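Bear in mind the structure is a predicted one, so any value in this text is a computation, not a measurement.
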Amino acid sequence: QPDWYYQPHASPNGRWLAVTVLNNTAVNRLHVIPLSHPNQPPIELITQFVGRYDVLGWREDELFVRAVARDAPHGRLIAFHLASGVQTELLALSDGLLLDAVPLQEGWVLSRLDDTAVCQLSYHHHADHQPTPIPLPTLGTVDDLTSDPATNQITFTTSDYSHSPQPYAWQPGDAQPKPIGESPALPFDPADFVTHTAQIPSTDGVLVPIFYAHGRDLPLDQPCPTLLTAYGGLGVALTPRFSADVLAWLELGGLFVAVCARGGHERGAGWHSTAVQTHKQRTFDDVLVVARWLIHTGMTTPSQLGLWGASNGGLTAGACLTQAPDLFGAVVIESGLLDMLDYHRLGQGGNWLAEYGSPDDPVMRPVLAAYSPLHNLPPRAYPATLITTHEHDPRVGEAHSLRFARALQAAQTGDAPITLRVYTGSGHGDALSSAADRLHFLAHHLFPELTNL
């Protein structure tokens, strides 16, 4: 299986090696190699690609795993007792999405996303069925969750669009987490910016979570330059975390909006599976509904609304651009999947057949053709568009961007520029140079008062 890849997780006692087996979809297998008995065959804990099983940690000969599958779409915490072969379910969530879990002396601390895709921490005592919420300082993302059962304490970091990662400590009995160390000196005040969450009904009535951030003094009852982004695929969850380029946009006086579109993982396995293959259009519907909501509420106007996406998010941006070009004043597509009738022959596209379906399948080909950005470019006026790629993109393949840029330039009947930037060297995804180009392009077209750009 040359297209599979593997993530190893060694136990602290050196006796076991857990191996996560991935195939470029949102599911995986899980095997354990007994290092102390090298002649024994691997223990195959999860033998089929039917769910997501992530290694969270170890305790002696126990392996703790987060399982998200059809029978547990919100996630459950499982312990595999490797010496005895016994499997135990420790906790299961009935709502939200389990992200991480660490043990304490008399319980567990869970990190999860609630139904609005907001990160939450809670302490689950073995003898108490009601978990204790752990207050978080920001509406952001929890990372680096660890525990020390000897001191009965957890540590973690949080960040959002304006707060850089800050470590905290907490133990049962504490009213609030305690900051660890001094906050770094910053050339800006994080308190000058705020982040909100909302839920917007999509075309079929499903509520789609969004996050939006702006300067505290920005009046939202007046339209302003707005940057909209989404990913919406491959089971990836989009939550607020610190980003220097987002902060730069906020400092300019812009509004930043992130859509937790279906196809992601913000609400569990079902949130992903409901927008794959024949249902992929739901991802684009979610984003376009939010774009129209921003315009309808008066927060922005089509000439002030920018759209940005990268990789699978580049597919999302490309499809929204071709389906509703009148909604946007500028669009940036970075390393995007744009030729959906040939994607499986470009880069590593053959690994994503479970996500998008095969163009060689007579059932899937018309579905892909209906939203493939390259194949939906009638002559008309399109907004200013920047398409970027690397000259040897090993993951998506640079041919997507080259073909789309040529076709979009040929289809453009308006005055807005259609620009292609090819970075030298092999690569995929965001980099400092592409972030600078993106901000420059969007600010130039969406902030007309910045005449020096």
Side-chain angles (χ1 to χ4, degrees), residues 116-119 136-141 158-166 183 185-201 208-231 238-261 286-309 313 317 320 327-332 383-384 386 435-453:
T116 63
V118 174
C119 281
L136 294 176
T138 66
L139 185 71
T141 299
T158 66
S159 71
D160 64 15
Y161 297 123
S162 62
H163 291 80
S164 59
Q166 168 67 44
S183 300
L186 299 171
F188 62 92
D189 185 353
D192 290 341
F193 308 94
V194 291
T195 299
H196 308 277
T197 184
Q199 297 190 80
I200 311 303
V208 178
I210 69 168
F211 296 97
Y212 59 104
H214 57 86
R216 187 174 294 278
D217 297 329
L218 184 71
L220 293 186
D221 58 349
Q222 302 174 19
C224 67
T226 299
L227 176 53
L228 178 67
T229 191
Y231 193 79
L238 198 64
T239 57
R241 60 178 66 246
F242 184 73
S243 169
D245 48 324
V246 171
L247 179 63
W249 183 260
L250 302 182
E251 288 186 313
L252 277 177
L255 173 67
F256 178 80
V257 183
V259 184
C260 302
D286 291 351
V287 178
L288 293 174
V289 158
V290 174
R292 293 186 176 98
W293 175 80
L294 291 167
I295 296 168
H296 176 74
T297 57
M299 294 187 191
T300 193
T301 63
S303 63
Q304 294 174 295
L305 180 56
L307 177 65
W308 161 53
C320 290
L327 291 181
F328 307 103
V331 178
V332 177
L386 171 64
D437 288 341
R438 177 201 321 138
L439 287 170
H440 187 282
F441 184 86
L442 291 166
H444 176 77
H445 290 285
L446 303 181
F447 281 91
E449 65 273 21
L450 299 178
T451 56
N452 61 323
L453 287 177

Give the minimum heavy-atom separation between Pro190 and Ser162, together with the two atoms involved. O-OG, 3.4 Å

Over all atoms of both residues, closest heavy-atom pair of Asp245 and Trp308: OD2-CH2, 4.4 Å

Begin with the C-alpha distance, continue with both residues' side-chain angles, and end with the deciding distance and a verdict on side chain to side chain contact (heavy atoms under 4.5 Å, CB included) for Thr195 and Thr138. CA-CA 9 Å; Thr195 299; Thr138 66; over 6 Å; no

In Å, rounded to the nearest 0.5 Å, how long is the span from CD of Gln304 to NE2 of His445? 14.5 Å

When the side chains of residues 290-300 are checked against the rest of the protein, which donor-acceptor pairs come out under 3.5 Å, sequence neighbours left out?
{"from": "Thr297", "atom 1": "OG1", "to": "Trp293", "atom 2": "O", "distance (Å)": "2.9"}
{"from": "Thr297", "atom 1": "OG1", "to": "Leu294", "atom 2": "O", "distance (Å)": "3.1"}
{"from": "Thr300", "atom 1": "OG1", "to": "Cys224", "atom 2": "O", "distance (Å)": "2.9"}
{"from": "Thr300", "atom 1": "OG1", "to": "Thr226", "atom 2": "OG1", "distance (Å)": "3.4"}

Gap separating the NE2 atom of His163 from the CG atom of Leu247, nearest 0.5 angstrom: 11.0 Å

Answer yes or no: is there a donor N or O on one side and an acceptor on the other, between the side chain of Thr116 and the main chain of Pro209, under 3.5 Å? no

Over 60° means perpendicular and under 30° means parallel, so classify the ring planes of Phe193 and Phe188, tilted if in between. perpendicular

Are Val118 and Leu139 packed together at the side-chain level, in the sense that at least one heavy-atom pair is separated by less than 4.5 angstrom? yes

Shortest non-hydrogen separation from Leu220 to Leu255 and the atoms involved: CD2-CD1, 4.3 Å

Parallel, tilted or perpendicular: which fits the ring planes of His214 and His196, with parallel below 30° and perpendicular above 60°? parallel

Heavy-atom pair with the smallest gap, counting every atom of Ser164 and Ser159: C-CB, 4.0 Å

Run Phe242 and Thr141 through side chain to side chain contact (heavy atoms under 4.5 Å, CB included) and show every step you take. CA-CA 9 Å; Phe242 184 73; Thr141 299; over 6 Å; no

d(Asp160 CG, Thr239 OG1) to nearest 0.5 Å is 10.5 Å

Please find the pair of heavy atoms, one from Cys260 and one from Val208, that lie closest to each other, and give the distance. O-CG1, 3.7 Å

Ring pair (Phe, Tyr, Trp, His ring centres under 6.0 Å) with Phe256: of Phe211, Trp249, Tyr161, only one passes, and it is Tyr161

Ala317 to Gly309 - nearest heavy-atom pair and separation: CB-N, 3.9 Å

Distance check, rounded to the nearest 0.5 Å: Leu386 atom CG versus Leu442 atom CG? 8.0 Å

